[in-house]
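Computed from a predicted model, the values in this text were never measured in an experiment.
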Amino acid sequence: MTTAPPTPPDTDAAAFMAALRRLKAWSGLSYRRLERHATEAGHCLPYSTAATMLGRDRLPREELLAAFVTACGIRGDEAQAWLNARTDIACGPVPIDATPTNIAPPSIPTGPATPTPTRTRTRTRPWHTRWTLVGAAALLTLLLGGATASGAFTDEEEVLRTPVSARL
């Protein structure tokens with residue numbers, strides 16, 4: 001990393017993603033090392049997500065971009081420039097007469113990366129959603145079973161022409 005890192009283009013998504021690939025090459029880190037660096041900086045960046053992100057020409061989510069540029073070693077104003085370029089491409093450039101809003105971007109550490117304790121997020125559904133799905137599945141099973149038992153799915157002519165076994 002003796003040369004300057006690539007700067008983010010603000011032209012289109014394909015050019016932006018090409019610059020992100022150059023940024024990864026500039027960092028010299030593998031995907032697993034990027035994952036470790038992001039974790040040390042307090043971000044979540046699975047190596048498979050980083051690889052998938054760089055394999056596409058779509059803009060990544062802002063949180064993913066913040067984790068990626070931080071893991072590559074970009075901090076402070078340079079990291080903010082990447083986030084601003086992504087926002088400009090996604091939303092269009094900010095008009096000159098626009099008034100700023102109080103929306104905080106994802107946090108980007110400005111100093112050296114210090115390990116912070118990570119918390120695991122479990123993904124759970126609310127109990128009412130779960131029971132609603134169980135109820136809907138049970139109702140569907142009952143309706144289909146009743147329709148099948150009543151002969152709704154059979155043709156009456158076919159039933160009349162079917163020979164009946166004498167052993168019944």
Side-chain angles (χ1 to χ4, degrees), residues 1-137 139-140 144:
M1 290 197 297
T2 58
T3 62
T7 57
D10 56 1
T11 54
D12 65 344
F16 187 83
M17 293 309 297
L20 278 180
R21 290 182 202 102
R22 285 192 304 274
L23 180 63
K24 184 206 176 281
W26 172 83
S27 73
L29 300 173
S30 67
Y31 289 112
R32 296 218 184 236
R33 297 284 298 168
L34 285 171
E35 179 180 20
R36 282 187 220 118
H37 282 238
T39 301
E40 290 169 359
H43 292 283
C44 180
L45 178 68
Y47 70 92
S48 59
T49 303
T52 302
M53 173 188 75
L54 292 180
R56 295 181 177 167
D57 280 338
R58 288 193 334 232
L59 289 175
R61 292 184 328 272
E62 194 168 353
E63 302 84 23
L64 181 59
L65 177 64
F68 183 79
V69 296
T70 301
C72 286
I74 305 296
R75 303 274 195 273
D77 291 338
E78 290 178 335
Q80 192 61 46
W82 282 93
L83 293 173
N84 291 343
R86 183 222 171 265
T87 303
D88 287 348
I89 294 169
C91 302
V94 177
I96 296 173
D97 61 346
T99 58
T101 58
N102 294 331
I103 298 174
S107 63
I108 300 173
T110 56
T114 57
T116 57
T118 58
R119 59 182 180 161
T120 57
R121 284 179 24 186
T122 57
R123 185 176 167 191
T124 60
R125 292 185 181 200
W127 63 271
H128 56 82
T129 305
R130 221 178 259 157
W131 285 111
T132 302
L133 290 174
V134 168
L139 181 63
L140 182 65
L144 288 176

So, using side chain to side chain contact (heavy atoms under 4.5 Å, CB included) as the criterion, who are the partners of [X] when residues are at least two apart?
X	value
Ala67	His43, Leu45
Ala15	Pro9, Thr11, Asp12
Pro6	Arg22, Leu23, Trp26
Ala90	Leu59, Arg86

Residues forming a salt bridge (charged side-chain N to carboxylate O under 4.0 Å, His left out) with Arg33, sequence neighbours excluded: none
So how far is it from [X] [atom1] to [Y] [atom2], rounded to the nearest 0.5 Å?
X	Y	atom1	atom2	value
Ile74	Leu83	CD1	CG	11.5 Å
Leu34	Cys72	CG	SG	5.0 Å
Leu144	Leu139	CG	CG	9.5 Å
Asp10	Thr87	CG	OG1	11.5 Å
Arg75	Thr70	CZ	OG1	5.5 Å

For Leu20 versus Pro60, what's the shortest heavy-atom pair and its separation? CD1-CG, 4.1 Å
Taking all atoms of both residues into account, what is the closest heavy-atom pair of Ala81 and Pro8, and its distance? O-CG, 3.7 Å
Partners of Asn84 by side-chain hydrogen bond (donor to acceptor under 3.5 Å, both in side chains), sequence neighbours excluded? Gln80
Output every pair passing salt bridge (Lys or Arg N to Asp or Glu O under 4.0 Å) with a member in residues 42-61, not counting sequence neighbours, ordered by first then second residue. Arg21-Asp57, Arg61-Glu63
Identify all side-chain donor-acceptor contacts of residues 47-54 below 3.5 Å with residues at least two apart in sequence or on another chain.
from  : atom 1 : to    : atom 2 : distance (Å)
Tyr47 : OH     : Arg32 : NH2    : 3.0
Thr52 : OG1    : Ser48 : O      : 2.8

Residues 72-91 vs ring pair (Phe, Tyr, Trp, His ring centres under 6.0 Å), sequence neighbours excluded, gives Phe16-Trp82
Listed by chain and number, what are the ring pair (Phe, Tyr, Trp, His ring centres under 6.0 Å) partners of Phe68, not counting sequence neighbours? none
